[in-house]
Asks: 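This is the structure I have questions about; it appears just below.
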Amino acid sequence: MGPSESPQSAYREHVSSVCTVVEEALQVSADAGHAFDGVVFHSGTAASYHADDLGVPFRSTPHFARLTPLGGPGHLVLCRPGRKPLIAWVNPTDHWEEGPEPLDGAYAESIDVREAPDPLAAGILLGDLSRCAYVGNDPDLAQRLGMPAAAVEPRVLMAVLDWHRGFKTTWEIDCIREANRIAAAGHRAARAGFERRLSERRIHADYLEAIGALDGETPYPNIIAWDDRSAILHYQRKRTSRPDPGRSFLIDAGASCGGYASDVTRSYASPSAHPVFVEALDRMEDLQRDLAQSVEPGGSFVALHARAVAGVTAILCDLGVLRVGHSEALERKLALPFLPHGVGHHLGLQVHDVGGQQVDRAGRMRPPPDEHPYLRTTRDLAPRQVVTVEPGLYFVPQLLAPHRSGPDRGCFEWSLVDDLLPCGGIRIEDDVRVTESGSENLTRPVVPGHRESLGGAAA
Ligand code: GLY
Ligand code: MN
Ligand code: MN
């Protein structure tokens, strides 16, 4: 379930540190006048498609998943101060579905395990829950288990839990490192597919095959795009035809380990790409490496984003896409239509992990600056955080259209913009862990950049 090279003791320490966080959350909640005996974490109630008996693919709620990698709906974990967590896992007795794979090894030893046929029976196995808080997606179940509405995800308690999700344990970091190693096999296959100009759909299939995953087992839907489609940030079509002409290619695809995600993007240009696009790709590679290396404790993520915008601005000016100098282009914010997303986000059980805009355990939030509304991370960098660093440079027709007739229209070299539109865009994304003194790039050692050979990554 988790990284095979991580010692089992790392998992035990992980569970113990999550329990310490739960105790802290209970204490903070009690200090605020909402005393609870413990917290019930629910893996979740599964949903069906509207007016259908077909189930929507299920994912455990993340706070539950932080305590145990056991898959499937209905399970409950009770955490009480000074006690081992107690899981009542649901093993359905009907003949329609298989139960989850039972816990073994350190996963089972770190937790007391009981088995129940359904969630209500699981609740009964846990005992009197009327003085417990509930964390999960089904307030009705909480009520049926005896927990009042005020006990469902209380704000003060959740703020402490969410805040600490931002600091990864050694086991969690090992999971994300392993998720990068798994994704690397997929990225190798995808790059080979780029070189052979295979279809988006075929490259997607090759990626899944290489990482040994089914479609629903990746942490997010793969983005695999040739040419102009690489400028659609969440492009999902996966066309069946081979690319024509196949100038540029973008793949944003990760893998899961122990429930933890990797999130990795590479962009490539073929010899038929516009030479300015080829140069832009080289410059973006340098910019991304520079940004990733500058991640350090105490650093400001908002400042990192500003540096990404400044870097993209310089590239656009130097390559002649913008017809003004760096400082004027920066002042006029001319790069914004070319970089319409944040430079990164926290990464963990969720691809866009919780707490990126939370600045303290009391739940105070720092919204993104007005001009960068899509920046998901405003929290300052600190050891044990894992973030993505993913600058982009795209030629997006909808975003450029207003500038063609706006007050800044003379600042753009429109004929060059029009020549570059068919190449779409560039995004390069690594996962970076903040250390005590700097950072560790979890992606680069296993997924080479576009200038390096497939055999191994250069430093
Ligand atoms: N794969 C989604 C993202 O990069 O944020
Ligand atoms: Mn990302
Ligand atoms: Mn991504």
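Counting starts at 1 for both ligands and their atoms, in listed order. One-based numbering along the sequence shown.
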Asks: Within D252, is some N, O or S atom less than 2.8 Å away from the Mn ion (ligand 3)?
Replies: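 Under 2.8 Å: D252 contacts the Mn ion (ligand 3) through an N, O or S atom.
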
Asks: Which is the closest N/O/S atom of E390 when seen from the Mn ion (ligand 2)?
Replies: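 Atom name returned: OE2.
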
Asks: Nearest non-hydrogen contact with atom 4 (O) of ligand 1 belongs to which option: E390, R427, H234?
Replies: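 That would be E390.
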
Asks: Could a heavy atom of H345 be found less than 4.0 Å from some atom of ligand 1?
Replies: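 The answer is yes, since H345 has a heavy atom less than 4.0 Å from ligand 1.
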
Asks: Does the Lys NZ or Arg CZ of R361 fall within the cation-pi geometry relative to F167 - under 6.0 Å from the ring centre and within 45° of the axis?
Replies: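 No, R361 does not lie over the aromatic ring of F167.
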
Asks: Looking at the Mn ion (ligand 2), is there an N, O or S atom belonging to H352 that lies under 2.8 Å away from it?
Replies: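 So H352 does not count as coordinating the Mn ion (ligand 2).
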
Asks: Could you tell me whether some N/O pair between H352 and ligand 1 is separated by less than 3.5 angstrom?
Replies: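 It does: an N or O of H352 is found under 3.5 Å from an N or O of ligand 1.
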
Asks: Using side-chain heavy atoms (C-beta onward) and a distance below 4.5 Å, is V18 in contact with W171?
Replies: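 Not touching, per the 4.5 Å side-chain cut-off.
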
Asks: Are the charged groups of R332 and E328 less than 4.0 angstrom apart, N to O?
Replies: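 Counted as a salt bridge, because a side-chain N and a carboxylate O are separated by less than 4.0 Å.
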
Asks: Are D408 and K333 close enough for a salt bridge, meaning some N to O gap below 4.0 Å?
Replies: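 No salt bridge links D408 with K333.
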
Asks: With carbon and hydrogen excluded and only N/O/S kept, which atom of E429 is nearest the Mn ion (ligand 3)?
Replies: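 For E429, the N, O or S atom at the smallest distance from the Mn ion (ligand 3) is OE1.
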
Asks: Using a strict threshold of under 4.0 Å (side-chain N to carboxylate O), is an ion pair present between R289 and D286?
Replies: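 Between R289 and D286 there is no salt bridge, as every charged N stays at least 4.0 Å from the carboxylate O atoms.
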
Asks: Which of parallel (below 30°), tilted (30 to 60°) and perpendicular (above 60°) describes F338 and F395?
Replies: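 Judged by the thresholds at 30° and 60°, the geometry between F338 and F395 is perpendicular.
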
Asks: So which heavy atom in the protein is nearest atom 3 (C) of ligand 1, and how far is it from that ligand atom?
Replies: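 Answer for atom 3 (C) of ligand 1: D263 OD2, 3.3 Å.
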
Asks: Side chains of N180 and S262: do they bring a donor and an acceptor to under 3.5 Å?
Replies: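 S262 and N180 do not have a side-chain donor-acceptor pair below 3.5 Å.
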
Asks: Within the 4.0 Å heavy-atom shell around E429, which atoms of ligand 1 are there?
Replies: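 Those atoms are 4 (O).
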
Asks: Could you grab the angle centred on the Mn ion (ligand 2), going from NE2 in H345 to OD2 in D263, to 10°?
Replies: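 Taking the Mn ion (ligand 2) as the apex, the two atoms subtend 90°.
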
